[in-house]
Amino acid sequence: MKPQLSYPDLVKAFTRFRDAEPEPKGELVHDSAFTLLVAVVLSAQATDRGVNKATEPLFAAARTPEAMLALGEEGIAEHIKSIGLFRNKAKNVSKLSRILVEEYGGEVPSSRAALVALPGVGRKTANVVLNSWFKMPAQAVDTHIFRVGNRTGIAIGKDVIAVERAIEDHVPAEFQLHAHHWLILHGRYTCTARNPKCGACVLGDLCCNEGKTA
DNA sequence: ATCCCGAGGG
DNA sequence: CCCTCTGGAT
């Protein structure tokens, strides 16, 4: 198992991330907890571009749980056919909207337990909503963060929960809020799954992998 | 461990 | 062609 980076190295690493991308922009800014929740549910095993392409027509047709419910599972599916797993996602968004209307007065709940109880919402999606919308210190570990954390030594863990805990335990407090965003961007554009661009990586010598591309 | 499942990249 | 993409439910 690779070495977990030390506290001083993590300070350096996240300082470099912050200098490269100070403000969390470049991501879609959602105007409601509901559109954020739906977008994240749709993002499973899909690229951000694919999600944007699907949410554009979907949110043009419905931006609230009530409107989504009226649109119906088939109507939802029609708008999101361009992304993978679209049948499951349409079903989940439809059922999830019904629960929000019937049990939460059309609002998105702010507890992890309530979020995870919604169809199509797992721990990762719940954590994104908690962190990104409710500004709570929850670390959503997706495929990017799991890979980047383990490859670089920023957050070592054999499974998603372990990496989540590693981030909470090791990433300096002042970087916790935006750690998710920076790690995502790093994984998406530099520390990619197949051909990581180690030559253009701001971590450089800090990375425990040191450009070995594995 | 398996299924879901389309688009884009290499 | 094969792999990967901000996973979740069974």
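Below, chain A is the first sequence line, B the second, and so on; all start at residue 1. On a predicted model such as this, the values are computed, not experimentally measured, just so you know.
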Pick the [atom1] atom in [N] and in [M], then give their distance to the nearest Å.
N	M	atom1	value
C/dA9	B/dA7	P	24 Å
C/dT6	B/dG10	P	13 Å
C/dT10	B/dC5	P	15 Å

Determine: side-chain N/O of [X] to OP1/OP2 of [N], distance under 4.0 Å, yes or no.
X	N	result
A/Arg123	C/dG8	no
A/Thr125	C/dT6	no
A/Thr143	C/dC5	yes

Is a side-chain N or O of [X] found less than 3.5 angstrom from the main chain of [Y], in a donor-acceptor match?
X	Y	answer
A/Arg151	A/Cys207	no
A/Asn131	A/Ala138	yes
A/Gln139	A/Val163	no

DNA chain C: 5'-proximal contact among A/Ala117 and A/Ala46 (nearest heavy atom): A/Ala46
Judged by each residue's nearest nucleotide on DNA chain C, which is more toward the 5′ side, A/Asp142 or A/Val116? A/Asp142
Report the nucleotide, chosen from [options], that has the shortest atom-to-atom distance to any side-chain atom of [X].
X	options	result
A/Arg49	B/dG10, B/dG8, B/dG6	B/dG8
A/Ala193	C/dG7, C/dT4, B/dG8	C/dT4
A/Leu85	C/dG8, C/dT6, B/dC4	B/dC4
A/Asn195	C/dG7, B/dG10, B/dA7	B/dG10
A/Lys53	B/dC4, B/dG8, B/dC5	B/dG8
A/Arg147	B/dG6, C/dC5, C/dT6	C/dC5
A/Lys124	B/dG8, C/dT6, B/dG10	C/dT6

Give one of base, sugar-phosphate or nothing for [X], where a contact means two heavy atoms less than 4.0 Å apart.
X	result
A/Val121	sugar-phosphate
A/Ile80	nothing
A/Gly50	nothing
A/Gly122	sugar-phosphate
A/Lys89	nothing

Assign each of A/Lys197 and A/Ile83 to its nearest nucleotide of DNA chain B by heavy atoms, then name whichever residue's nucleotide is nearer the 5' end. A/Ile83
Mind checking whether A/Trp182 and A/Phe14 have parallel, tilted or perpendicular rings, split at 30° and 60°? tilted
Could you tell me how far apart A/His186 (NE2) and C/dC5 (P) are, to the nearest whole angstrom? 14 Å
Check the surroundings of atom CD in A/Glu107: do more than 12 heavy atoms from other residues, nucleotides or ligands lie under 6.0 Å from it? no
Does any N or O donor sit under 3.5 Å from an N or O acceptor when you compare the side chain of A/Arg194 with the base of C/dC3? yes
Nearest atoms (heavy-atom pairs only) where A/Ser32 meets A/Trp133: CA-CH2, 3.5 Å
